[in-house]
Amino acid sequence: MHVEQQSHGALMVDVYIEDLAQHVGSEVTLKGWLYNKREGGKILFLILRDGTGLCQCVLSADSVSEADWESAHTLTQESSFTVTGAVRADERAPGGYEMDVRTLSVVHVAEEYPITPKEHSIDFLAPRRHLWIRSRRQAAILRIRHSIIRAIRNFFDDRGFVLFDAPILTPNAVEGTSTLFETEYFDLGKAYLTQSGQLYGEAGAMALGKIYVFGPTFRAEASKTRRHLTEFWMVEPEMAWFDLDDDMTLAEEFISHIVQTVLKERKHELAELERDTAALENILPPFPRVSYDEAVEMLHSEKTGEMVDERIAAAEKEREELTAELEEGKKNYNQMKEWKRKKFDAREIQIRVRLDEIEELLRNLPKWKESAKNFEHGADLGGSDETVLTWYFDRPVIVHRYPAAVKAFYMKRDPEDETKALAMDVLAPEGYGEIIGGSQREDNLDYLLERIREHDLPQEVFEWFLDLRRYGSVPHSGFGLGVERTVAWICGIDHVRETIPFPRMIHRNSP
RNA sequence: UCCUCGGUAGCUCAAUGGUAGAGCAUGCGGCUGUUAACCGCAGGGUUGCAAGUUCGAGUCUUGCCCGGGGAGCCA
């Protein structure tokens, strides 16, 4: 709150919309942008957006000066202005509070704003991302992202972890597999944008005990799906003296903490996104843990086939119902009243979108069923296999002890089964896929050297990493959590491009 | 890289091979409780690009460009 003595002696109190509840009955000033307006002849409703919420500001011709009344009418969408007036609770208002405006001051009349309060396609919105983030939905997502990041930092800070920043420019590929962004680095040849801070994190854990690396990560792969960005944020804790079980326990407590914090802090935003919070309330430890071998058995089981069939049947039923509704509406269209027609037009668009989704699902489900049934023991889990597995549980599932052959060179082998790596992935429910990948690390110098040879990696660039095994090697573990996938899951949105202010994708690097 | 879908007014979408339309947005007029406000009027088009088939192409064919979704890979 900002209080200022005005020249004529009255107090001017600046407040944010999110704090309006504390100012009911008193006069305050709001500063913001015009989100929308509705006009009557002698009454004007201005929906003010200030970044913290929306407030309906009511002007009537005889409650404001003639000059203010006229200038209020010049306001276009996203024009900036300030209003002063009394705050009132009102059921009819979005947000629950309204202002009866006494004075209004126009700061800037906006040019015709491209993003209208109607539907737009992603093609149209993506190049206007710098404006798109002003919309309610995008603002809600970005606020939730903020809470998630704060919850991540608090979780580790409160448990004695030290923030440990890994370099972004690195001399070599960490895992030697993915395609990296490359740049010239003076006389030292090529440098690459990091794809993981993990190896550096291991050095940090040996120095400080428990650390977390938190920063941007880059992948130059031509991945074009709703789960991929070329630039994304990853948090990677690394702990000395942690074995795989400790690692999994930390991961489930970590995820639960994030989800419960968002439920507590961002009720309003989750409601704005129409997120089903019941599904999030469940997210508490312990998470189900299945070994890779058990997961493969589950994929091969009759029950998996039945679950897919059930989903096919449900999709077909929904398709029938929607088609029937569409036909019914079209049949009666000519007899409908004007307003009913419009309502139906809007509904028709909704139905069409949903029908497209169902069509795609119906194309995919039989393939998923086949893929699960014929899953080859020893292969890595595919996207659809992961999705099918998550159907068994009401919270994230941890899959552990993958075949060593499909995992990174630095992962420790399972002493009870040399073909397995002490690796674990956490799969988010509702088809959001892998949000965590982690492992216990190989701490034996000789084994690690062997892995490096097996993977055909240049030993010389890993010498510093090998030193960690030469000078007081200890068992240690860690994992990486993808921030954007976590935001997408918690928000219940279908694409990671809306989870970061300015997404970087293979076909888009601006604005 | 592969598979698949798409590109029509500022936006969202219609249009059996036969005169390119609607809603919203914009402008003007009306309305003192609107909730994506409503009612009336008006302006607004090189149908992504190029070629072909045809009396006639938004519609059919071929090529190209751009984008969406998915696979692979991954967080």
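Throughout, a chain's letter reflects where its sequence line sits, starting with A, and its residues are numbered from 1.
- Screening A:Asp90, A:Leu54, A:Ile17, A:Val24 against A:Tyr97 for a side-chain contact (heavy atoms from CB on, under 4.5 Å) leaves a single residue, A:Val24.
- At a cut-off of 3.5 angstrom, the base of B:rC74 holds at least one donor-acceptor pair with the side chain of A:Arg485.
- Here A:Asp425 lies out of heavy-atom contact (under 4.0 Å) with every strand.
- At the heavy-atom level, A:Leu229 lies under 4.0 Å from base atoms of the strands shown.
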Subject >> Base versus backbone protein contacts along nucleotides 2-9 of chain B [heavy-atom cut-off under 4.0 Å; B, S, -] >> reply: --------
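- Within the nucleic acid shown, A:Phe124 comes within 4.0 Å of sugar-phosphate atoms alone, with no base atom in reach, counting heavy atoms only.
- Atom NZ in A:Lys42 sits about 18 Å away from atom P in B:rU34, given to the nearest Å.
- One cannot find a donor-acceptor pair under 3.5 Å joining the base of B:rC66 and the side-chain atoms of A:His507.
- Between the CZ atom of A:Arg497 and the C1' atom of B:rA75 there is a distance of 18 Å, rounded to whole Å.
- Counting only Watson-Crick and G-U wobble pairs whose two key distances fall under 3.5 Å, RNA chain B forms stems of three or more stacked pairs at B:1-7 with B:65-71, B:10-13 with B:21-24, B:26-30 with B:38-42, B:48-52 with B:60-64.
- Checked by atom type, the side-chain pair A:Arg441/A:Ser439 shows a donor-acceptor distance below 3.5 Å.
- Residues satisfying the side-chain hydrogen bond (donor to acceptor under 3.5 Å, both in side chains) test with A:Ser79, not counting sequence neighbours, are A:Thr76.
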